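Just so it is clear, the structure is predicted and the values come from calculations on it, not from any experiment. Sequence lines set the chain letters: A, B, ... in the order given, protein chains first and strands last, and positions in each chain run from 1.
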Amino acid sequence: MNIEKKLQEKTIQALQSLYATTVEKVALEKTNHDFKGDYTLVVFNFLKISKKKPEDTAIEIGNYLKTNLPEVADFNVVKGFLNIVVKDSFWLNYFQSSFNKPFINPTLPENAPTVMVEYSSPNTNKPLHLGHVRNNLLGFSVAEILKAAGNHVVKTNLVNDRGIHICKSMLAWQKWGGGETPESSGLKGDHLVGKYYVEFDKHYKSQVADFKSKGLSDEEAEKQAPLMLEIQDMLRKWEAGDKVVRTLWEKMNAWVYKGFEASYKMLGVSFDSTYYESNTYLLGKNIIDEGLASGVLKRRADNSVYIDLTADGLDEKTLLRADGTSVYMTQDLGTAVQRFEQHKFNKLIYTVGNEQDYHFKVLFLILKKMGYKWADGLFHLSYGMVELPEGKMKSREGTVVDADDLMQEMVNTAAATTKELGKTEGLSDADADKLYHTIGLGALKYFMLKIDPKKKMLFNPSESIDFNGNTAPFIQFNYVRIQALLRKANENNFNVLNESITVNIPEVILPKEKELIIRLYNFNTALKQAADEYSPAIIANYVYDLAKEYSQYYHDTPIFKEESKDLILFRLQLSKTIGDAIKSSMKLLGIEVPERM
RNA sequence: GAUUCCAUAGCUCAGCUGGAUAGAGCAACGGUUUUCUAAACCGUAGGCCUUUGGUUCGAAUCCAAAUGGGAUCACCA
């Protein structure tokens, strides 16, 4: 059992035994660095029941713990703070018993809950940009974390492949494309289609400006511009299954999918299932009928259907237009129900930006009101926007940071830095390319994941992403150092893994070594917290602290100069375990670690 | 206007389920290489934790208000 839990339970017992009072739970914290101890109990809360001075109360509890818990070595009291010292032997036993065991359990428990994680969900009218990068990295990492925490995870992608915005690219290509294809232009498919999306907007804007100069209002001009009428006509034809429109749609979407596939591969994300809106956009209508029958939904005089959420502090939400067609919300109701029927999930997590907070609040509330019990398991993983120094990115205005460009730039920077540091020696071209990819993408991923998902983040394209300090390359570098140590150990006949060598861990270990062991011990706590909060940032901070701590240790403590063979082996084993922890943590973030750099 | 999220070093961020003197990285300045790879390590400097009030033995952390910033408030997705 976890030492923290043991201490908490014993403290509750102590309070019961000393003051005959039952306390539900007690909070322990890590002892501040300036004091001796591992865990601290703040006793101010117990003064009412002890009716004694803080110091005396702390001493009484401390004595009880020391006598009744074999793991407690000692304690000291400063004012109302009871600092508890755990025996070195406890940490050493933990270390020895966990050596060379995986940090992440590779098998799932028998009745692992099913969690669906929806992320990415791109539009097929333009290439991925920085905002999508955050979404993809976050969704993938959360899926990895939940998997490691013992859930059966289904990663899913809902591709928005239809609608008026797709028609814009299609129409523009038809008019001005001159038959251009990815092959003929040398452009990646998604970029080619995105080019025509921008093209449409350019022409459309000039038409609107023309109409406005003739005295029309903004709204009128936007409605009457011929291009607007043309895409609306195109959308109607699409919905009617018009052969020409559908063929064009299929052709251009295929280009986009090929492009996305390349971006996803570069980014290292994947999906277990992919849904297309062209297949799901009609879902949800039967649910509307049920809702009407049960009275949860109402019909207006003009035949449109809505739900009244004003009693819940929200508005009236329309679910079917007067002409009977469905809206975004209708579709999301339908897909949620469909997913539950297909996967019987315990939880469904939507990785979607915080600009849709309201939408999901309404969606979940409607499903609850309609009586779906599983709606309690729905969660909106809401993350902040990625902003540029000049503000929000706008694809139509070209102020976007393109995902493919950014990734390539990161790889290039990694290559340049590696060469500059003279670390390419003995690397084959293929290995070098792999290394640049690992470092460059690692830096990018860590940069985005170390920030709390809920917070908006600032990205300044003119300042390159760091490779020093609190970054993935720093963490990777420490992993690499450890691998180099282990190689050297092999050459010197120190077989770290050989079970036949019994290592007598020295009685007294360095404070830094104990600290490192405690950090290893806390891996599971970090994993659990990250899973509970859906926050890769917790893992990122954990692994950075571990790597930083190790870096100091590595610097201050030469290993092979040591005379005692046991001590050398212990330090090698400690280093190896830290390497394992780094690798496992980075895997949770979707970041690879190289063997050399 | 309504709702909602946010505000910590020059910059980017931790810390927030109340606890001891608020931590990192970057940038700046200075140092460390006959050592297991310096993408490293050490040091200096940098803070009215936006403001005001409240709760408490104790507030960056909880509550309220103010100020500033973002988002949402479509029969768009």
Side-chain angles (χ1 to χ4, degrees), chain A residues 25 27 29 31-35 40 42-45 47 54 78-81 83 121 123 160 162-166 277 281 300 302-306 313-332 353-359 361-362 382 384-385 387 391-392 414 417-418 420-423 439 443 447 450-452 454-460 463 465-478 480-482 484-489 492 537-538 540-541 544-545 548 551-561 568 571-572 575 596-597:
Chain A
K25 64 175 185 183
E29 43 208 276
T31 301
N32 189 306
H33 275 286
D34 302 331
F35 300 92
T40 294
V42 183
V43 300
F44 288 109
N45 292 325
L47 299 185
V78 183
K79 292 186 282 181
F81 298 90
N83 300 319
S121 303
N123 291 340
N160 182 0
R162 62 165 284 280
I164 202 111
H165 48 286
I166 315 291
E277 258 191 48
Y281 81 109
R300 293 196 188 94
D302 68 358
N303 217 30
S304 63
V305 177
Y306 73 103
L314 304 169
D315 299 315
E316 283 185 4
K317 179 71 198 174
T318 298
L319 297 174
L320 275 189
R321 296 190 188 99
D323 63 5
T325 55
S326 56
V327 296
Y328 178 40
M329 186 63 78
T330 325
Q331 210 184 122
D332 263 7
N354 63 10
E355 52 196 353
Q356 295 196 35
D357 284 355
Y358 183 79
H359 171 78
K361 217 165 154 180
V362 171
S382 161
M385 297 288 99
E387 285 179 10
K392 215 184 155 182
T417 310
T418 306
E420 204 177 295
L421 292 169
K423 296 194 175 192
I439 296 173
F447 175 80
K450 75 171 174 185
I451 297 172
D452 185 334
K454 331 191 262 296
K455 293 201 168 179
K456 68 174 180 204
M457 65 181 289
L458 189 81
F459 178 81
N460 190 344
E463 289 171 18
I465 292 175
D466 266 313
F467 280 58
N468 300 323
N470 187 354
T471 65
F474 169 77
I475 297 164
Q476 290 168 327
F477 177 67
N478 279 289
V480 165
R481 276 174 154 174
I482 291 168
L485 267 185
L486 296 175
R487 281 194 296 271
K488 180 165 174 171
N492 289 286
I538 287 163
N541 286 319
Y544 172 67
D545 285 340
K548 186 178 154 60
S551 187
Q552 293 166 344
Y553 173 68
Y554 178 90
H555 181 267
D556 296 340
T557 318
I559 291 179
F560 289 108
K561 281 194 170 174
I568 295 176
R571 289 182 177 171
L572 286 171
S575 297
R596 296 163 198 265
M597 70 188 278

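With sequence neighbours excluded, the residues forming a ring pair (Phe, Tyr, Trp, His ring centres under 6.0 Å) with A:H359 are A:Y328, listed by chain and number. Remark: A:D466 pairs with no residue by the salt bridge (Lys or Arg N to Asp or Glu O under 4.0 Å) rule, at least two apart or across chains. With sequence neighbours left out, the ring pair (Phe, Tyr, Trp, His ring centres under 6.0 Å) criterion links A:F474 to A:Y544. The salt bridge (Lys or Arg N to Asp or Glu O under 4.0 Å) search around A:R481 returns none, not counting sequence neighbours. A search for ring pair (Phe, Tyr, Trp, His ring centres under 6.0 Å) contacts involving A:F477 returns nothing, not counting sequence neighbours. Residues satisfying the salt bridge (Lys or Arg N to Asp or Glu O under 4.0 Å) test with A:E316, not counting sequence neighbours, are A:R300. By the salt bridge (Lys or Arg N to Asp or Glu O under 4.0 Å) test, A:K79 is found to be paired with no residue, residues two or more places apart in sequence or in another chain being considered.
Taking a pair as Watson-Crick or G-U wobble with both distances under 3.5 Å, the runs of three or more consecutive pairs in RNA chain B are B:1-7 with B:67-73, B:10-13 with B:23-26, B:28-32 with B:40-44, B:50-54 with B:62-66.
Contact check for A:S575 versus A:I559: side-chain heavy atoms found under the 4.5 Å cut-off. Between A:F81 and A:V43 there is no side-chain heavy-atom pair separated by less than 4.5 Å. Between A:I439 and A:F467 there is a side-chain heavy-atom pair separated by less than 4.5 Å. Looking only at side-chain heavy atoms (C-beta outward), A:N468 and A:P473 stay at 4.5 Å or farther from each other.
Residue contacts shown for A:D466 are limited to sugar-phosphate atoms, with no base heavy atom under 4.0 Å away. Residue contacts shown for A:N303 are absent, as no nucleic acid heavy atom lies under 4.0 Å away. Within 4.0 Å of A:N492, counting heavy atoms only, lies no atom of the nucleic acid at all.
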Got a list of protein N/O to nucleotides 60-64 of chain B N/O distances below 3.5 Å?
none

Taking only N/O atoms, report every protein-nucleotides 72-77 of chain B pair under 3.5 Å with atom names and distance.
residue : atom : partner : partner atom : Å
B:C73   : O2'  : A:D315  : OD2          : 3.1
B:C75   : OP2  : A:T318  : OG1          : 3.4
B:C75   : O3'  : A:R321  : NE           : 3.1
B:C75   : O2   : A:A322  : N            : 2.9
B:C75   : N4   : A:D302  : OD2          : 2.4
B:C75   : N4   : A:S304  : OG           : 3.3
B:C76   : OP2  : A:R321  : NE           : 2.2
B:C76   : OP2  : A:R321  : NH2          : 2.0
B:A77   : OP1  : A:R321  : NH2          : 3.4
B:A77   : OP2  : A:Y328  : N            : 2.8
B:A77   : O3'  : A:E277  : OE1          : 3.0
B:A77   : O2'  : A:N160  : ND2          : 2.6

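In summary, A:D323 and A:R321 do not engage in a salt bridge, as defined by a charged side-chain N under 4.0 Å from a carboxylate O.
To the nearest 0.5 Å, atoms CE (A:M329) and NZ (A:K317) are separated by 4.5 Å.
With both ends at atom C1', the span from B:U37 to B:U50 equals 46 Å, rounded to whole Å. Separation of the P atoms belonging to B:G15 and B:U52 is 25 Å when rounded to the nearest angstrom. A gap of 28 Å separates the C1' atoms of B:U67 and B:G58, to the nearest Å. A distance of about 15 Å separates the C1' atoms of B:U61 and B:A20, rounded to the whole Å. To the nearest whole angstrom, the two C1' atoms, one in B:A27 and one in B:A45, are 12 Å apart. Nucleotides B:A14 and B:G25 are separated by 16 Å at their P atoms, to the nearest Å. Comparing the P positions of B:G47 and B:A22 gives a spacing of 13 Å, expressed to the nearest Å. Taking the P atoms as reference points, B:A59 lies 13 Å from B:C49, given to the whole Å.
Remark: A:K548 is in phosphate contact with B:G25, judged by side-chain N or O atoms under 4.0 Å from OP1 or OP2.
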Letter per nucleotide, 5' to 3', of nucleotides 8-17 of chain B [B base touched, S only sugar-phosphate touched, - untouched; heavy atoms, 4.0 Å]: ----SSS---
Base versus backbone protein contacts along nucleotides 31-40 of chain B [heavy-atom cut-off under 4.0 Å; B, S, -]: -----BBSBS
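Whole-Å rounding puts the A:F81 CZ to B:G18 C1' distance at 11 Å. Summarising the geometry, the separation between CZ on A:F35 and P on B:U21 is reported as 8 Å, rounded to the nearest angstrom. Rounded to a whole Å, the CG atom of A:D34 is 16 Å from the P atom of B:G19. In this structure, CG of A:D545 is placed 10 Å from P of B:G25, rounded to the nearest angstrom.
For the 3.5 Å distance criterion, the side chains of A:Y306 and A:D315 fail to qualify, holding no donor opposite an acceptor. Side-chain contact of A:S304 with A:T318: a donor-acceptor pair under 3.5 Å is absent, judged by distance alone.
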A:Y554 vs A:L485, side chain to side chain contact (heavy atoms under 4.5 Å, CB included): CA-CA, chis, key distance, verdict: CA-CA 10 Å; A:Y554 178 90; A:L485 267 185; 4.3 Å; yes
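A salt bridge (charged side-chain N to carboxylate O under 4.0 Å, His left out) with A:D452 holds for exactly one of A:K450, A:K454, A:K455; it is A:K454.
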